[in-house]
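The block underneath contains the structure these notes are about, expressed in C-alpha cells.
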Amino acid sequence: MVLPAFAFRRAIRVATLAALAAVALPAAAHHSLGPYDVEQSIHFDGVVETLRLENPHIALTLSVTKGDGKRGTVNFVEGAPAGRIAHMGLTSADLAVGKPIKAIGAPRRDDPNLYYLKAVILPDGRRF
C-alpha cells in the first residue's frame with residue numbers, strides 16, 4: 001500500500017514528535033530540583049576543596065569549621081549548569097582550590113549531607 005504524500009508527511013511528523021518527546025522527558029526529569037528541599041537555605045563559610053565546573057552541573061566541596069570547632073566537608077553535588085555560571089561571570093579562578101567562599105545550599109531530602117548549590121558569595125561580596 002502506498003500512502004498519499006500528505007499522509008506520509010503527517011506520519012513522519014508524528015514519528016519525529018514522538019522521538020523528541022522520548023528524549024525530552026528523561027532530560028526534564030534529570031534537571032528537576034525535586035530531590036532537594038529548596039525551601040531551605042543553609043549558609044556555609046569555607047574553603048574550596050574540589051571543583052567540577054563542567055556541564056551538566058557545577059559541583060564542589062568545601063572544607064568548613066563546624067560549630068564544635070571540628071573540620072568537616074560539605075558536598076555540593078549539584079548546582080547550576082556550568083555554562084550559566086560562566087555567563088554570570090563566575091570563573092574557575094574565583095572557585096579555585098584553597099579559595100575562601102560563602103555558599104548557600106539546599107539539602108537533599110534523602111541525604112541531608114548532600115546539597116544543591118543555590119548561591120556562591122565571594123570575599124569581595126559578589127554573589128552568583
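This one's a predicted model, so the numbers in the text were calculated from it and none came from an experiment.
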* Which residues share a side chain to side chain donor-acceptor pair (under 3.5 Å) with D45, sequence neighbours left out -> none

* Asked: Does any N or O in the side chain of H57 come within less than 3.5 Å of the main-chain N or O of G79, such that one atom is a donor and the other an acceptor?
  -> yes

* Nearest heavy-atom pair of K118 and Q40: which atoms, and what distance? -> NZ-O, 3.1 Å

* **Shortest non-hydrogen separation from A82 to N55 and the atoms involved** => N-OD1, 3.1 Å

* State the CG-CD distance between L117 and E78, to the nearest 0.5 angstrom. => 10.5 Å

* Which of these passes side-chain contact (heavy atoms from CB on, under 4.5 Å) with F76: L51, L60, I58? -> L60

* Starting at CG of L33, measure out to CZ of R109 and round the result to the nearest 0.5 Å. => 10.0 Å

* Asked: Of V64, T61, L114, N113, which is the lone residue that meets side-chain contact (heavy atoms from CB on, under 4.5 Å) with V74?
  -> V64

* Any side-chain heavy-atom pair from P81 and P56 closer than 4.5 angstrom? -> no

* So if you build clusters from Ile, Leu, Val, Met, Phe, Trp, Tyr with side-chain heavy-atom gaps below 4.5 Å, do M88 and L53 land together? -> yes

* How many angstroms lie between CG in L90 and CG in L122, if you round to the nearest 0.5 Å? -> 6.0 Å

* Asked: Got a sec: does the CZ of R127 have more than 12 other heavy atoms crowding it under 6.0 Å?
  -> no

* Verify the cluster assignment for V48 and F128: are they in a single hydrophobic cluster under the rule of side-chain heavy atoms below 4.5 Å apart? => yes

* To do: Return the minimal non-hydrogen interatomic distance between A103 and L62, and the atom names on each side.
  => CB-CD1, 3.8 Å

* Can you tell me how far CG of D110 sits from CG of D37, rounded to the nearest 0.5 angstrom? -> 12.0 Å

* Asked: Is it true that R126 and D94 have a side-chain N and a carboxylate O under 4.0 angstrom from each other?
  -> yes

* Distance flag, aromatic centroids of Y115 and F44, threshold under 6.0 Å -> yes

* Asked: Is the shortest side-chain N to carboxylate O distance from K66 to D68 below 4.0 Å?
  -> no

* Determine whether more than 12 heavy atoms belonging to other residues, nucleotides or ligands lie under 6.0 Å from atom CZ of R52. => yes

* Worked check of side-chain contact (heavy atoms from CB on, under 4.5 Å) between L95 and I101 -> CA-CA 8 Å; L95 298 175; I101 65 166; 4.1 Å; yes

* Asked: Which heavy atom in K99 sits nearest to a heavy atom in A93, and how many Å separate them?
  -> CE-O, 3.4 Å

* Asked: Side chains of T73 and E49: closer than 4.5 Å at any heavy-atom pair?
  -> yes

